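What follows is a set of notes on a single structure, which appears directly below.
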Amino acid sequence: MSGEATVIDLLMLILLVTAFASAAGYVGVCSRLVGQRSPPSDKAL
Amino acid sequence: MTWQGWLQIAVFAALITAAVKPLGAHIVGTVEGRGNALRMLSALENGIYRLAGVDSTKEQSWMSYALALLWFHFVGIIALYLMQRVQNLLPLNPQRFPAVAPDLALNTAVSFATNTSWQSYSGELTLSYLSQMAGITVQSFLSGARGIAVAFALMRGFARGSAQTIGNFWVDVTRITLYVLLPICVVATLFLVWQGVPQTLGPYVDVTTLEGTHQVLARGPVASQEAIKLLSGDGGGFFNANSAHPFENPTAATGLVEMLLIFLLGTALTNTFGRMVGDQRQGWALFAVMAVLFLAGVAIVYAKEASPNHLSSLGVDQLASAEQAGGNMEGKEVRFGVAQSALFATVSTASSDGAVDAMHDSFMPLSGMVLMANMMLDEVIVGGPGSGLFGILLFVIVAVFAAGLMIGRTPEYIGKKIEADEVKMAMLALLCVPACILGMSAVAAVLPAGLAGLTNAGPHGLSEILYAYTSAAATNGSAFAGLSANTSFYNLTLAAAMFVGRFLVIVPVLCIAGMLAGKRGVPASAGTLPTHGMQFVALLVGTVVLVGGLTFFPALSLGPVVEHFALQAGSAY
């Protein structure tokens, strides 16, 4: 892959990481909206 | 319209109805670990847990379940993205396809991991066999299993009392894949191969046609991908023409079986739900709602497509006879005709599958509107495996809440009180999809980058844009055709729509599951609203149409409705 392609790939991966970090944050937002405590006591992963 | 056409629709409906109960029982038995069927695979199941370091006896809270699901999607998307980007360096690429462009690879990765299967590419001209098998097909299995897993989490929420957990995500996905998806796909793949669908790793074939010209026939491991494409609600075809391609759908029998596969799990899960909550009538009520909405849709589409189109004003004979199918045959495969194409299109859009055996862009305006409305109703007319069930349960929560307000009682459903928090989450899930569809369509309709993809002007152009974002956000994946979507603008915005349509819905659903599981059940009393009768079915149908349908009515008025009236005045787009 060319250098330009590698940079674009990195940008795409950053985009994905940001999107999933936001989705994980959305879990916390939903939890707070319904008044539940967070984070969960058991491990997710 | 012909009686043969209606008979075809009736046979399909009867076969699906017959499969609901046995398959519903099989699903609940295997996923909940109650049945003995297929337990010979339990050694494989336990081996997977050991390999992955999963403690199958430990359950998760809704937040842990949601985070595990997000993590699994994240890994899946990254893996599929990278596989496409380096496919030129990997084996099983006899056509020597180059690496997929970054924006297209991202769109495809998100598309298949979210069970949408929107395809901005032609499979036979873009992806290697390895990308098709280890990338697309694997994600078809896993994304289907993830949807059913979320439905199980919600079912446990209704079924359990005073519980802190809603199941184990890893166990659910493993069992659904091994005991539900895999066995059906093995049988379906063998059937498709028998009917003539290719299953080979050999390169494309160069043939000499009867006219003496050379033609390259694309082939590959089609049958195995076809089976899960239909069963999982994925819909992404090996070929660009999808199920309109004779190598994906060679006979009328495969056409019927493909439609059955699309609806099989979505309908059976209603019975699974009934069994989980201990009252199968509850499941049949949900099935009845799906059936009413589906049959209304297919009747409209068949009636419109079987009627003469605007070409009749030019003196073209379009009446059905022994010599021709009649009706609007533009964009339809001549082998399947109007009735099967109308049925397939309705099945495909009512579910979240998105496979096509005819070009939806060529349907009459009001038929196209029904196909769009099927998706806009948020996957409640059968929907995808799992997503259809949790989609309709979201509407159930809204319906019992509205009914509770009308009669002045605290709403409850299957012994669980529905309170403000559940309604809050249900509305959050139900509103994010329309907001995404309408917002993104509006942006695309004014930006030059969005307008550049249109091949039709006027209201049909708006329909093309609206259909694309609806298909993406509703995780359907079918294309209206006519929109050139393989551009950076559409690849990235449609990927965003798919992301929103999947995760912004699933997380509130799991939140509701967690809240319901923690509640104690309340016994039914004289004031309890019966939720298994025709009255509730009518209430739920009304709620779906009012809440879901009217949200999009202004946008549909500007697209297909205007086009319908323009057509009556002699203007075609």
Side-chain angles (χ1 to χ4, degrees), chain A, chain B residues 53 55 58-75 77-78 81-82 85-86 88-89 99 101-103 105-107 109-110 113 164-165 169-170 419-422 424-425 428-429 432 488 492 495-496 499-500 502-504 506-512 514-515 518:
Chain A
M1 282 188 286
S2 67
E4 186 189 0
T6 309
V7 171
I8 295 173
D9 284 325
L10 273 176
L11 285 173
M12 293 295 177
L13 292 177
I14 290 169
L15 194 64
L16 279 174
V17 170
T18 309
F20 274 95
S22 304
Y26 182 58
V27 175
V29 170
C30 286
S31 172
R32 272 189 280 279
L33 274 174
V34 297
Q36 292 190 348
R37 284 179 292 121
S38 66
S41 54
D42 53 339
K43 294 183 99 175
L45 310 174
Chain B
D55 181 357
K58 190 179 177 186
E59 293 209 343
Q60 296 166 315
S61 69
W62 80 264
M63 291 179 74
S64 301
Y65 201 99
L67 291 172
L69 179 140
L70 288 175
W71 174 246
F72 199 38
H73 273 92
F74 176 70
V75 173
I77 289 175
I78 295 286
Y81 176 84
L82 292 176
R85 291 292 292 137
V86 297
N88 53 321
L89 307 174
D103 59 328
L106 181 80
N107 180 286
V110 174
Q164 298 300 311
T165 58
F169 172 75
W170 309 109
E419 296 171 295
D421 284 341
E422 287 85 17
K424 204 186 294 178
M425 286 296 111
L428 182 62
C432 65
S488 295
L492 294 178
F499 193 90
V500 167
R502 186 71 168 178
F503 301 115
L504 267 64
I506 278 180
V507 171
V509 167
L510 290 173
C511 183
I512 291 170
M515 288 189 290

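Remember, it's a predicted structure, so these values are computed and weren't measured experimentally. Lettering follows sequence order; numbering is per chain, from 1.
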Checking [X] against chain A: side chain, backbone, both or neither under 4.5 Å from a heavy atom?
X: Leu106(B); result: side chain
X: Leu89(B); result: neither
X: Asn88(B); result: neither

Problem set entry | Structural part of Leu11(A) lying under 4.5 Å from a heavy atom of chain B | neither
Exercise. Side chain, backbone, both or neither: which part of Val29(A) has a heavy atom under 4.5 Å from chain B?
Worked result: neither
Exercise. Take atom CD in Glu419(B); do more than 12 heavy atoms of anything else shown fall under 6.0 Å from it?
Worked result: yes
Exercise. Which pair of heavy atoms, one from Tyr81(B) and one from Leu13(A), lies closest together, and at what distance?
Worked result: CD2-CD2, 4.2 Å
Seminar exercise, completed: Nearest heavy-atom approach of Leu33(A) to Lys424(B) is O-NZ, 2.9 Å
Exercise. Do Leu16(A) and Val110(B) touch side chain to side chain, with heavy atoms closer than 4.5 Å?
Worked result: yes
Exercise. Below 4.5 Å, heavy atoms only, C-beta onward: do Met12(A) and Arg85(B) meet side chain to side chain?
Worked result: no
Exercise. What option among Phe499(B), Phe169(B), Phe503(B) has the most heavy-atom pairs under 4.5 Å with chain A?
Worked result: Phe499(B)
